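Below is one structure, written out as structure tokens; comments come after it.
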Amino acid sequence: MKPRTLTIGSFFSVAMAATLVGALVTSQVRRPEPAVANTAEGQSRAGAGNVLGLETFRDIARTTNPGVVNINTSKTVRLPRSRDPFRDFFGQGDDSERFFPPSPEGERGGRGESRTRTSLGSGFVIDDNGYILTNRHVIEGADEINVSFPDGKRFDAKIVGQDARTDVALIKIEPKGKLMPIPLGNSDQVEVGEWVMAVGNPFGLSTSGGNSVSVGVVSFKGRDLELGVRNTSVEMIQTDAAINPGNSGGPLINTRGEVVGINTMIVTNGAAASAGVGFSVPINVAKDIIPQLRDKGKVVRGWMGVTIGPMTEDLAATYGLDEAKGALVNSVNDGSPADKAGLQPEDAILQADGRTIRDNGDLSRYIASLSPGSTVKLDLLRGKDRKSVSVTLGTFPDQPAEDSAGEPGHASLGMTLRDLTPAMAERFGLPRETHGVVVMDVEAGEVAEDSGLRRGDVIVTVNGQPVGGTAAFEQAIAAARPAGRARLRVYNPQIEGYRMIALRLQ
């Protein structure tokens, strides 16, 4: 009897202690204040004290959802005769389909015909005037942009500005009532393991009413990824909050109801949906360029005119360095600010304006943060010698401006050609000073296609003569016509190599 009594007494003692501990813990978990958008009345932010409670994500979803929009775009393109492996270079395929899906209507038109393509993405309101942030790849090349809110209201939108380097775009609607902007947080303060919520339009589901939300944590901070311009990167926020095609441009929100990132891309490993590895552009990156996007329509950055690479431990040893820090100059563009300042290939840049350079991405971002005309003092190693070089920066040759994507191409021999710009050359992996013409489109059944030319090819010579542009191409073709064919040297971006083609002229 006594052992039983002790056992029962011990049981009740433990139960009483557990109850008291539970009451104490419950008293410490305060129900957070609802997340409130940053309206004109200056309402308070979410989660006072940033304490996570059972209703935190419910309240954040309630208060931020009205500020997240579905973006529907349409543009007229031509269908190739077969699947085009170069579509991603022209913003019409692999990239866009990876991030936002075609609408249920699909693509109308037969192969080789013009047709209207419609696609879906996400965005979010940042102020009462109707400005909306999204990804550039969501609206790139769009002829029409339509924005719809969870309450069913729809608006036509116009592009205010876009930036290829960061894949950020600013669009605007003309609101007819009160909007619910979502406050922008500080992405520099985001920590790995912090809870976040992704809101948006995965697979176009919000067209049937309401945004979708998913919850996860920040998996990594500062993942260097190349977005829209070759040899430049953005330090992305990695998250396991489910991000799927259609989420692009939507907000990544912290537990205070603030936007800390723009959901931009996913790694699927061949799957069609989220694999728990998604990436967001830090909101501080967007905040830094919003004024220029609003005022200029683009971002003007400083530019040195070099290609740079990382410093590995083995390479550091060849310079007599104890640490693998710094950026290596791989090449210097002729006539660039770096060339004029005397920078040379194999220079190891260790400091810029007294700042230690951790790696090539660190230097690239610092230079891009400066205005053209700024002078930067670089401390570097040339062989074993330490030197200081001052570079007066030029203007970064932004991809959209140089590519002149809206300009009509030149029609010739069943294909559409455009002069190769330095920015396009760099994007294709060619030296910026390369000259030639880019095949923008190929007509089905015409001589260009029959000869083996494909969209995305870069024609650099005709019968051994360099091609400086479409005018030089036509002159070379005219000279070759009596022979009935012309020999073309063509660079292929997909295989990153050259091939020879006999173009029939009769």
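Being a predicted model, the structure only gives us computed values, none of them experimental. What's counted below: heavy atoms across the whole structure, side chains too, no hydrogens, waters or symmetry copies.
Summarising the geometry, atom CZ belonging to F124 is positioned 4.0 Å from atom CD1 belonging to I283; distances are rounded to the nearest 0.5 Å. One distance of note links OG1 of T73 with CG of L120; it measures 7.5 Å at 0.5 Å rounding. Note that CG of D295 is 11.5 Å distant from CD1 of I290, once rounded to the nearest 0.5 Å.
Shortest non-hydrogen contact noted between G250 and S122 is N-CB, 3.6 Å. Closest approach of P183 to G257, counting heavy atoms only: CG-O, 3.6 Å. When all heavy atoms of G222 and F220 are compared, the pair lying nearest together is C-CE2, 3.8 Å. The shortest heavy-atom contact between G278 and I243 is CA-CD1, 4.2 Å. The shortest non-hydrogen separation linking A352 to V376 is CB-CG1, 4.2 Å. Of all the heavy atoms in F428 and Y491, the pair that sits closest is O-OH, 3.1 Å.
Environment of CD in E144: sparse, with no more than 12 heavy atoms of neighbouring residues, nucleotides or ligands closer than 6.0 Å. Sparse packing is recorded around CD of E191, with 12 or fewer heavy atoms of other residues, nucleotides or ligands lying under 6.0 Å away.
Using a cut-off of 4.0 Å between Lys/Arg side-chain N and Asp/Glu carboxylate O, D127 and K172 are scored as not salt-bridged. Ionic pairing of D224 and R365 is present here: one or more N-O contacts between side-chain nitrogen and carboxylate oxygen are shorter than 4.0 angstrom. Salt bridge absent: K287 and E258 never bring a charged side-chain N and a carboxylate O closer than 4.0 Å.
Judged by a 6.0 Å distance limit and a 45° cone about the ring axis, R165 is positioned over the six-membered ring of F396.
Using modelled atom types, one finds a donor on one side chain and an acceptor on the other under 3.5 Å when comparing S280 with N263. Remark: the N211 side chain and the N201 side chain contain no N/O donor-acceptor pair separated by less than 3.5 Å. Using a 3.5 Å distance cut-off with no hydrogens or angles, the side chains of N135 and T264 do pair a donor with an acceptor.
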| query | Can you list the steps and then say if R301 with D163 is a salt bridge (Lys or Arg N to Asp or Glu O under 4.0 Å)? | reply | CA-CA 11 Å; R301 296 182 172 91; D163 179 48; 2.6 Å; yes
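Just one residue in the list I182, V259, V125, I126 forms a side-chain contact (heavy atoms from CB on, under 4.5 Å) with L133, and that residue is I126.
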